[in-house]
A.B. asks: 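Please read through the structure below; I'll follow up with questions.
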Number of protein chains: 2
Amino acid sequence: MEYPDTKQQILNAAKSLFAQAGYRATSMRAITKRAGVNLAAINYHFGSKEALLEAVFERHIKPINEVRLRRLKVIKDEATRLNQKPEVSEILRAYIEPAVHLKETGKEGASFGMLVGRAFIDPDETVRKIFLRLTRPVSQLMLDLLGNALPELPKKVIFWRFHFVIGALSIAMSIYRNPKSKSAKIASEINTDSLTDLLIAFTQAGLEAPTKKNIPLLLDTI
Amino acid sequence: MEYPDTKQQILNAAKSLFAQAGYRATSMRAITKRAGVNLAAINYHFGSKEALLEAVFERHIKPINEVRLRRLKVIKDEATRLNQKPEVSEILRAYIEPAVHLKETGKEGASFGMLVGRAFIDPDETVRKIFLRLTRPVSQLMLDLLGNALPELPKKVIFWRFHFVIGALSIAMSIYRNPKSKSAKIASEINTDSLTDLLIAFTQAGLEAPTKKNIPLLLDTI
DNA sequence: GTCTATAGATTGATAGAC
DNA sequence: GTCTATCAATCTATAGAC
């Protein structure tokens, strides 16, 4: 008998298990058992457990970030062409929508979103390192565009507020995509479009909030 | 020779290592080595690795949540007494300030904030379970108070927006308290008061943001 | 209370037959 | 490419001397 898609089975199983229990807590035996393949198959096809994690991320995060980059560049070019500031809500939509809408292929549950949501803040250095490398170009462009859209804000305020956006998005994806969440009942009563709208409304208001009247609110310690 | 504070040494070492690498990736050997005590000391004093994690959380999170609860109850009573809505910014300050200000005792670096920041979203179920149990009363009261402060918002919108607040706070603490962060340069240029103000400004605007004009934005799927 | 020593289980990875 | 079998390292936890 042939096993044409052993790699695919491993990738899907690893994705689900990494998302549910985390990279560190997931053993290669658990992955291969779920994938219905032999234990040695991971090392044969990927080389190591870490290389498998990298393959899982590449496979799912790269497409998302390519869409984000493309949409953000369109916004940037359009703003340059019209010689006006880009809209914060459009920037956020280009950033948030591809992540939340994250389509799942195969019969596995919608679990990868959890992994993405957690990766930025994952305590495991291996996970963070790989994730940040894949996400850096998008983050750079986001900071650039938000700087253009909000020229009155100090760069450092934009830095922090952008990370608040990442935090909100991360936790939203963790809850929304986690089928076992205690909040699952509420989470199940919303669809991706509505969640996207909720996130954009919240983060847009936060990004555009006025800073404290009496500057300097920052750099008190310097 | 006496070792009167073996438990303390273990608690401090565990706190730092759990924060840096996560619960799962931290071995009992690493903890006892850093604490300068014998490997068997953890099981003698705490019973198990998981019980040690629980002790670390209890020791640091309980005081924070007690302060939060006390301050939130004051806000609630005051609003009831004056028969008016509580202020969103005051609610947020009572919730955020105790977490960000988190004082570190002992010579260990300010690392526990990282652990707190990550705990909510930690992929490891053991970590989340213990953390959520300790935090549930505060979360309940927050949802209650935010409901009073924002009566025009559907409960489900408040649910989601409160979790966005948690996400922003989590990531802020992870970055701020992580001495090895790539963003350490920027993070080091802000003090706790300024970070608190940044968080409140962002989350207050997000919580108070108008919902989409054309209801229903929610429950499209129900 | 602290130590050494080790049990007992699990891990990631590999060698070699097929 | 897939399998069995196993290695070597690591882990949590404990038994027992002091």
Side-chain angles (χ1 to χ4, degrees), chain A residues 1-59 115 122-131, chain B residues 1-59 115 122-131:
Chain A
M1 197 203 290
E2 283 251 327
Y3 299 91
D5 53 354
T6 294
K7 283 188 77 168
Q8 290 300 323
Q9 296 295 334
I10 293 174
L11 282 169
N12 283 334
K15 175 192 64 178
S16 299
L17 294 174
F18 287 160
Q20 278 170 33
Y23 170 72
R24 207 81 184 198
T26 302
S27 69
M28 293 167 65
R29 280 169 176 79
I31 296 168
T32 50
K33 184 180 174 187
R34 175 161 185 157
V37 303
N38 188 270
L39 169 61
I42 289 181
N43 280 295
Y44 177 80
H45 285 286
F46 297 94
S48 70
K49 187 188 177 187
E50 182 170 339
L52 171 60
L53 173 66
E54 196 153 350
V56 171
F57 271 153
E58 290 251 359
R59 180 146 231 275
L115 185 56
D122 199 291
D124 195 291
E125 195 183 335
T126 305
V127 176
R128 271 203 320 282
K129 188 185 63 187
I130 297 175
F131 179 77
Chain B
M1 198 202 288
E2 284 250 329
Y3 299 92
D5 54 352
T6 295
K7 283 188 76 167
Q8 291 300 325
Q9 296 295 336
I10 292 174
L11 282 170
N12 283 333
K15 175 191 64 178
S16 298
L17 292 174
F18 287 160
Q20 280 170 32
Y23 170 72
R24 206 81 183 199
T26 301
S27 69
M28 292 168 65
R29 281 171 173 79
I31 297 169
T32 50
K33 184 180 175 186
R34 174 158 183 160
V37 302
N38 188 271
L39 170 61
I42 288 181
N43 280 295
Y44 177 79
H45 285 285
F46 297 94
S48 69
K49 186 189 178 187
E50 182 169 339
L52 171 59
L53 174 67
E54 196 153 352
V56 171
F57 271 153
E58 289 253 358
R59 180 147 232 275
L115 186 55
D122 200 293
D124 195 291
E125 195 183 336
T126 306
V127 176
R128 271 202 320 282
K129 188 185 62 186
I130 298 175
F131 179 79

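In what follows, every heavy atom counts, from backbone to side chain, and hydrogens, waters and symmetry copies are set aside. Chain identifiers are assigned alphabetically (A, B, ...) following the order of the sequence lines, protein sequences preceding nucleic acid strands; residue numbering begins at 1 within each chain.
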A.B. asks: Looking at every heavy atom in both L115(B) and K15(B), which two are closest together, and how far apart are they?
C.D. replies: CD2-O, 4.3 Å
A.B. asks: Counting only side-chain nitrogens and oxygens, does T6(B) get under 4.0 Å of the OP1 or OP2 atom of dG1(C)?
C.D. replies: no
A.B. asks: Could you give the CD1-to-P distance, from I31(B) to dA13(D), as a whole number of Å?
C.D. replies: 11 Å
A.B. asks: What residues form a side chain to side chain contact (heavy atoms under 4.5 Å, CB included) with S27(B), not counting sequence neighbours?
C.D. replies: R29(B), A30(B)
A.B. asks: If you look at every heavy atom in F46(B) and A51(B), which pair is closest and at what distance?
C.D. replies: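 In this case the closest contact between F46(B) and A51(B) is O-CB, 3.3 Å.
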A.B. asks: Who passes salt bridge (charged side-chain N to carboxylate O under 4.0 Å, His left out) against K33(B), sequence neighbours left out?
C.D. replies: none
A.B. asks: So does Y23(A) get a backbone contact from the side chain of K49(A), meaning a donor-acceptor N/O pair under 3.5 Å?
C.D. replies: yes
A.B. asks: Considering only side-chain heavy atoms of H45(A), which listed nucleotide, dT4(D), dG1(D), dT4(C), is closest?
C.D. replies: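 Selected nucleotide (nearest to the side chain): dG1(D).
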A.B. asks: Look at atom CD of E58(B) and say whether more than 12 heavy atoms of other residues, nucleotides or ligands are closer to it than 6.0 Å.
C.D. replies: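 Yes, enclosed.
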A.B. asks: Write down the distance between CG (L52(B)) and P (dA13(D)), rounded to a whole number of angstrom.
C.D. replies: 10 Å
A.B. asks: Under 4.0 Å, heavy atoms only, any strand: does A40(A) hit a base, just the sugar-phosphate, or nothing?
C.D. replies: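 The residue A40(A) makes base contact.
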A.B. asks: Would you tabulate the nitrogen or oxygen pairs shorter than 3.5 Å linking the protein to nucleotides 8-13 of chain C?
C.D. replies:
residue: dG12(C); atom: OP1; partner: K49(A); partner atom: NZ; Å: 2.9
residue: dG12(C); atom: OP2; partner: M28(A); partner atom: N; Å: 2.9
residue: dG12(C); atom: N7; partner: R29(A); partner atom: NH1; Å: 3.1
residue: dG12(C); atom: O6; partner: R29(A); partner atom: NH2; Å: 3.1
residue: dA13(C); atom: OP2; partner: K49(A); partner atom: N; Å: 3.0

A.B. asks: Can you tell me how far P of dG16(D) sits from CG of N38(B), to the nearest Å?
C.D. replies: 17 Å
